[in-house]
Amino acid sequence: MIEVRLVKEQDAADLLSLELRNKEFFPLYTGKREERFYTLDGQKERIDRAIASAADDTGYYFVILMDENIIGIVMLSEVVRWNLQSCWIGYFLDKDQNGKGYMTEAVRQVVAIAFDELEFHRLEAGVMPHNIGSIKVLLKAGFHKEGIAKQNVKINGKWQDHQTLAIINPRDLI
């Protein structure tokens with residue numbers, strides 16, 4: 001039904017289309033974005049940074065595809081290796097595709113890649129407590145709740161509390 005893969009340079013126009021369709025929706029859950037972000041050059045720069053991050057093992061940027069169309073994004077960021085082997089997971093889905101199970105499946109696929117291919121031990125996520133749909137996605141994908149991080153992310157210009165959730169690589173469970 002859906003698949004995920006790392007972003008490619010040729011995805012710029014499709015990512016721009018996704019962002020423009022969701023220009024009023026995504027900022028409810030993101031930091032402020034400059035107008036350049038909503039241009040083809042802005043998306044090309046975003047992709048270039050994502051490709052460089054993957055090459056440097058500092059972040060991974062996946063697109064969610066349905067019928068070869070990009071309907072969302074899943075990101076692994078804040079990669080820490082050595083004794084932690086962890087990162088943060090974040091995601092966005094086209095507003096018209098919410099509630100259909102696509103994000104849960106995409107998160108499951110990225111978690112499998114993170115554990116099996118990238119060899120992470122732990123993934124963490126932060127979700128605003130009122131974003132029940134996103135919390136359900138993570139719980140269905142195997143994450144567990146850990147607590148509330150007070151005023152830890154600036155969303156659309158305002159500091160917001162976030163529910164912290166995490167999942168441990170099953171091969172590492174004691």
Side-chain angles (χ1 to χ4, degrees), residues 2-16 18-19 26 29-34 36-37 39-66 68-94 102-128 134-135 137-147 149 152-155 160 162-174:
I2 61 117
E3 65 177 293
V4 298
R5 66 160 168 75
L6 288 171
V7 68
K8 300 177 186 176
E9 289 178 5
Q10 51 268 51
D11 292 330
D14 289 339
L15 280 179
L16 178 59
L18 174 70
E19 293 294 343
F26 288 167
Y29 308 98
T30 65
K32 287 188 177 181
R33 293 177 167 164
E34 302 294 325
R36 181 166 176 74
F37 180 85
T39 67
L40 191 58
D41 285 341
Q43 292 303 304
K44 287 178 181 176
E45 290 168 5
R46 177 188 195 187
I47 291 169
D48 288 345
R49 286 191 305 271
I51 291 170
S53 292
D56 293 340
D57 189 35
T58 58
Y60 297 88
Y61 193 97
F62 299 87
V63 292
I64 305 168
L65 299 162
M66 184 174 65
E68 299 184 29
N69 295 310
I70 295 175
I71 63 166
I73 302 156
V74 180
M75 302 153 295
L76 300 177
S77 63
E78 309 303 321
V79 170
V80 181
R81 292 298 187 172
W82 312 108
N83 290 336
L84 291 178
Q85 297 296 331
S86 69
C87 66
W88 286 84
I89 188 168
Y91 44 81
F92 300 97
L93 186 67
D94 188 306
Y102 300 146
M103 186 53 76
T104 299
E105 178 57 28
V107 168
R108 284 179 177 146
Q109 288 183 32
V110 171
V111 167
I113 293 166
F115 288 159
D116 299 338
E117 297 176 28
L118 300 173
E119 299 183 345
F120 285 106
H121 165 70
R122 173 185 170 89
L123 305 180
E124 295 182 47
V127 181
M128 289 184 285
S134 187
I135 291 171
V137 162
L138 292 163
L139 293 173
K140 288 178 187 175
F143 285 69
H144 62 272
K145 291 182 179 181
E146 293 196 325
N152 73 318
V153 180
K154 199 173 207 178
I155 301 293
Q160 298 284 338
H162 277 67
Q163 171 71 58
T164 301
L165 299 99
I167 188 171
I168 305 296
N169 191 329
R171 73 165 191 255
D172 296 338
L173 291 174
I174 298 171

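Since the structure is predicted, the reported quantities are computational estimates derived from the model, not experimental observations. FYI, the numbering just counts along the sequence from 1.
The shortest side-chain heavy-atom distance between H121 and I168 falls under the 4.5 Å cut-off. V127 has its side chain out of reach of V137: every pair of non-hydrogen atoms, C-beta onward, lies at least 4.5 Å apart. Using a 4.5 Å cut-off on side-chain heavy atoms (C-beta onward), L18 and I73 make contact. K140 places a side-chain heavy atom less than 4.5 Å from the side chain of R108. With contacts defined as side-chain heavy-atom distances shorter than 4.5 Å, the pair V63/K8 does not qualify. Taking the side chain as every heavy atom from C-beta outward, Y60 and V110 never approach each other to under 4.5 Å.
Every residue was checked against the ring pair (Phe, Tyr, Trp, His ring centres under 6.0 Å) condition with Y61, not counting sequence neighbours, and none meets it. Residues satisfying the side-chain hydrogen bond (donor to acceptor under 3.5 Å, both in side chains) criterion with Y102, sequence neighbours excluded, are absent altogether. D14 meets the side-chain hydrogen bond (donor to acceptor under 3.5 Å, both in side chains) test with no other residue; sequence neighbours excluded. Every residue two or more places apart in sequence or in another chain that forms a side-chain hydrogen bond (donor to acceptor under 3.5 Å, both in side chains) with R122 is listed here: E124, E146. Considering only residues two or more places apart in sequence or on other chains, T58 meets the side-chain contact (heavy atoms from CB on, under 4.5 Å) condition with S53, D56. Evaluation of the side-chain contact (heavy atoms from CB on, under 4.5 Å) rule for K44 yields A12, L40, D41 as partners, not counting sequence neighbours. In this view, F115 satisfies the ring pair (Phe, Tyr, Trp, His ring centres under 6.0 Å) rule with no residue, not counting sequence neighbours. For D57, the salt bridge (charged side-chain N to carboxylate O under 4.0 Å, His left out) test picks out R81, with sequence neighbours left out. With sequence neighbours excluded, the residues that form a salt bridge (charged side-chain N to carboxylate O under 4.0 Å, His left out) with R36 are E45. With sequence neighbours excluded, the residues that form a side-chain contact (heavy atoms from CB on, under 4.5 Å) with N152 are A149, H162.
For the pair D94 (side chain) and I71 (backbone), a donor-acceptor distance under 3.5 Å is absent. Between the side chain of H144 and the backbone N or O of I167, no donor-acceptor pair lies under 3.5 Å. Y91 places no side-chain N or O within 3.5 Å of a backbone atom of T104 that could act as its donor or acceptor partner.
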Should V74 and M103 be marked as a side-chain contact (heavy atoms from CB on, under 4.5 Å) after you check the CA-CA gap, both sets of side-chain angles, and the distance that decides it? CA-CA 9 Å; V74 180; M103 186 53 76; 4.1 Å; yes
Using the side-chain contact (heavy atoms from CB on, under 4.5 Å) rule, take V111 and F120 through it: C-alpha gap first, then chi angles, then the decisive distance, then the call. CA-CA 9 Å; V111 167; F120 285 106; over 6 Å; no
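Separation of atoms CD1 (I70) and CD1 (I64) is listed at 10.0 Å; rounding is to 0.5 Å. Atom-to-atom distance recorded for E9:CD and I47:CD1 is 8.0 Å, nearest 0.5 angstrom. Between the CZ atom of R5 and the CG atom of D11 there is a distance of 4.0 Å, given to the nearest 0.5 Å. Here E19 contributes atom CD and T39 contributes atom OG1; the two are 11.5 Å apart, rounded to the nearest 0.5 Å.
The two residues S77 and C87 have their closest heavy-atom pair at O-CB, 3.3 Å. The minimum heavy-atom distance between L15 and Q43, with the atom names listed, is CB-OE1, 3.4 Å. In plain terms, the two heavy atoms of G126 and W88 that are nearest each other are N-CZ3, 3.6 Å. Here the closest heavy-atom approach between residue I2 and residue A106 is recorded as CD1-N, 3.5 Å.
Applying the side-chain hydrogen bond (donor to acceptor under 3.5 Å, both in side chains) test to residues at least two apart or on different chains, the pairs with a partner in residues 109-119 are E105-Q109. The salt bridge (charged side-chain N to carboxylate O under 4.0 Å, His left out) analysis of residues 68-80, with sequence neighbours excluded, yields no pairs.
Between F26 and F92, the ring planes lie tilted relative to each other; the angle falls in the 30° to 60° range.
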